Amino acid sequence: MLIQENLSIQKKLEILTDAAKYDVACTSSGVDRKGKKGTMGSTAPAGICHSFSADGRCISLLKILFTNQCIYDCRYCVNRCSNDCVRTAFTPEEVCTLTMEFYRRNYIEGLFLSSGILYSADYTMELICRTLMKLRGECGFRGYIHVKAIPGADPLLIRQAGFLADRMSVNLELPTAEGLRRLAPGKTREKILLPMRQIQRGIQEDREEIVPYRGREAAFVPAGQSTQMIVGATGESDYQMLSVAEALYRNYGLKRVFYSAFVRVNEDSLLPALPGGPPLLREHRLYQADWLLRYYGFQAGELLSEGQPNFNVLLDPKCDWALRHLDRFPVEANRADYYTLLRVPGVGVRSARRIVEARRHGTLDFQDLKKFGVVLKRAMYFLTCGGKMFAPFRLDQDAIAADLAGEEKRKVWDITASHAYRQMNLFDDFHITVPPTAEDGAAAVFGVM
């Protein structure tokens, strides 16, 4: 399909931001780079401000594709080569112009740059590297940049991009090799994991090595790498997906695994029907479980198993685990160690640390726990203070599950009925049918309301 080269930069932006909305692997963290005289932007370690796309997904950067042209025919992808749609591509100069102009207007604090495959992996990766070199060098941009490593590209190009970007990602897309074979012909696990391994080794080898780049001290991918898996496009269970994520964290040193609920954008007999819409609740449960893997010391085999391969619809994974292990509860807040407290529903990393610190100076009660951020609606079933429960009730699995499920049902509705709310995007016209008057326009310009 031919690329439309005569489109305005505004039209290209509309097409290539819309084409990028299904890629969710775009948070920023782990980088602290101050601004310098003669340069533009800075990066804070806590990340950057977030916005929301029209479909409700969180975006933190100017999120665009370099091109929506692609040589692959992935059945789940809106940009598959067999789709009849307008194809276009930015030039490196256009990406730099957009990034700098959006930054100057305080719309963004960084760039997320992904891409389809234009002609070949090497050709596309070379264009991305040229863009980053121009943005960092000629434009002096020091803000956050997240860029995709193109599987199959020359390792030298990926390494070059790694010294220019803050974070890189290679999307696994589907959790099993069989899923890729069925829905993504042309892609293989080996081809995807190869650049992922290269980035991991590059981070390990170059973390302490400072490489000067035009007045900027560059480390190799200082914010680490991430990946994305599609939820519900193939038949893998939650247990399989979580086990794959656990292996990626352990073997490839990833910072984040992102989960994207499958959206049926193409009509294809190999794609699953979605009578209830995208599996947003399943995506939510996987994110909750992923958090438990990364920060709470859980393992995939503790949360799920071959006998229980999918998460409970009405209970979050931590509550579900606790109810299946009632023999370990209740625990005494004034004596339990930090890692035991982390496994109590309603107790987070910060509140567990506060409890451990505060009890050195005296005995804690439930009001103290509440001040530390403990969610007593959940924790009260699993904690004692001074040997006493928060309230008299039976330590019975069914009774506690019924109480906890009442709170979760509201959350489930918030997730599954997210279509009831309308989010804004960069090109939202709010469905206004009457044009504004000249007075309204003047009032908007001069800030008079």
Side-chain angles (χ1 to χ4, degrees), residues 1-26 53-55 57 59 61-99 102 108 111-132 135 145-153 157 161 165 168-174 180 183-187 191-192 227-228 230 233 258 260 262-268 271 425-428:
M1 188 167 290
L2 294 177
I3 289 183
Q4 302 293 319
E5 297 180 350
N6 58 343
L7 299 178
S8 68
I9 192 171
Q10 169 76 12
K11 188 62 179 177
K12 288 183 180 181
L13 185 62
E14 292 183 20
I15 294 170
L16 296 175
T17 53
D18 186 67
K21 68 184 179 183
Y22 298 105
D23 197 327
V24 300
C26 63
S53 63
D55 62 350
R57 297 188 180 278
I59 57 173
L61 316 163
L62 172 60
K63 184 179 178 184
I64 55 176
L65 294 184
F66 193 91
T67 179
N68 64 341
Q69 176 69 293
C70 195
I71 63 175
Y72 292 123
D73 197 29
C74 302
R75 296 176 181 272
Y76 51 81
C77 183
V78 70
N79 301 311
R80 62 188 291 189
C81 64
S82 60
N83 274 359
D84 184 15
C85 61
V86 177
R87 307 283 178 164
T88 189
F90 286 123
T91 64
E93 292 74 21
E94 287 173 332
V95 174
C96 292
T97 297
L98 285 170
T99 304
F102 271 71
I108 62 162
L111 171 68
F112 175 89
L113 183 61
S114 186
S115 184
I117 311 301
L118 184 61
Y119 305 130
S120 70
D122 281 348
Y123 184 85
T124 307
M125 199 70 216
E126 186 175 1
L127 282 173
I128 289 175
C129 286
R130 281 173 49 195
T131 302
L132 299 190
L135 193 56
I145 296 178
H146 180 153
V147 72
K148 285 302 172 85
I150 306 297
L157 292 172
M168 297 186 74
S169 55
V170 188
N171 282 355
L172 190 63
E173 303 290 6
L174 299 171
L180 281 172
L183 299 186
K187 293 184 178 180
K191 187 182 289 186
I192 293 171
T227 193
Q228 172 180 292
I230 301 171
F258 291 85
S260 178
F262 171 65
V263 179
R264 190 183 171 102
V265 295
N266 298 320
E267 290 300 321
D268 194 295
L271 294 176
N425 73 357
L426 291 172
F427 305 101
D428 207 331

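On a predicted model such as this, the values are computed, not experimentally measured, just so you know.
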For Leu61 and Leu111, what are the C-alpha separation, side-chain angles and deciding distance, and is it a side-chain contact (heavy atoms from CB on, under 4.5 Å)?
CA-CA 5 Å; Leu61 316 163; Leu111 171 68; 5.6 Å; no
Would Leu13 and Phe102 count as a side-chain contact (heavy atoms from CB on, under 4.5 Å) here? Give the steps.
CA-CA 12 Å; Leu13 185 62; Phe102 271 71; 3.7 Å; yes
side-chain contact (heavy atoms from CB on, under 4.5 Å) between Asn79 and Leu65, worked out:
CA-CA 11 Å; Asn79 301 311; Leu65 294 184; 3.5 Å; yes
Could you check Thr124 against Phe66 for side-chain contact (heavy atoms from CB on, under 4.5 Å), going step by step and ending with a plain yes or no?
CA-CA 9 Å; Thr124 307; Phe66 193 91; 5.7 Å; no
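The side-chain heavy atoms of Leu183 and Ile230, taken from C-beta on, include no pair separated by under 4.5 Å. Between Tyr72 and Pro185 the shortest side-chain heavy-atom distance does not fall below 4.5 Å. Between Thr88 and Thr67 the shortest side-chain heavy-atom distance does not fall below 4.5 Å.
From Gln10, atom CD reaches atom CG of Leu98 across 9.0 Å, with rounding to the nearest 0.5 Å. Taken to the nearest 0.5 Å, the NZ atom of Lys148 stands 11.5 Å off from the CE atom of Met125. Atom CZ of residue Phe90 and atom CG of residue Leu7 lie 10.0 Å apart, to the nearest 0.5 angstrom. In this structure, CD in Glu173 is found 6.0 Å from CD in Gln228, a value given to the nearest 0.5 Å. Taking CD1 of Ile117 as the reference point, atom CD1 of Ile150 lies at 4.0 Å (rounded to 0.5 Å). To the nearest 0.5 Å, the span separating CD1 on Ile71 from OH on Tyr123 amounts to 13.0 Å.
In terms of heavy atoms, Val170 sits closest to Ile192 at CG1-O, 3.5 Å. Residues Cys74 and Ala184 share a closest heavy-atom pair of SG-CB, 3.7 Å. The two atoms that bring Pro92 and Arg130 nearest to each other are CG-NH2, 4.0 Å, heavy atoms only. The two residues Asn266 and Val78 have their closest heavy-atom pair at ND2-N, 4.1 Å. Listed here is the closest heavy atom pair of Met168 and Ala161: CE-CB, 4.0 Å. Contact between Glu94 and Ala89 at its shortest, heavy atoms only, is OE1-O, 4.1 Å.
Between the side chain of Asn68 and the backbone N or O of Gly116 there is no donor-acceptor pair closer than 3.5 Å. Put simply, the side chain of Ser169 never gets that close to the backbone of Thr227: no donor and acceptor are under 3.5 Å apart. Of the possible polar contacts, none joining the Lys63 side chain to the Thr17 backbone as a donor-acceptor pair under 3.5 Å is found.
The side chain to side chain donor-acceptor pair (under 3.5 Å) search around Arg75 returns Asp268, not counting sequence neighbours.
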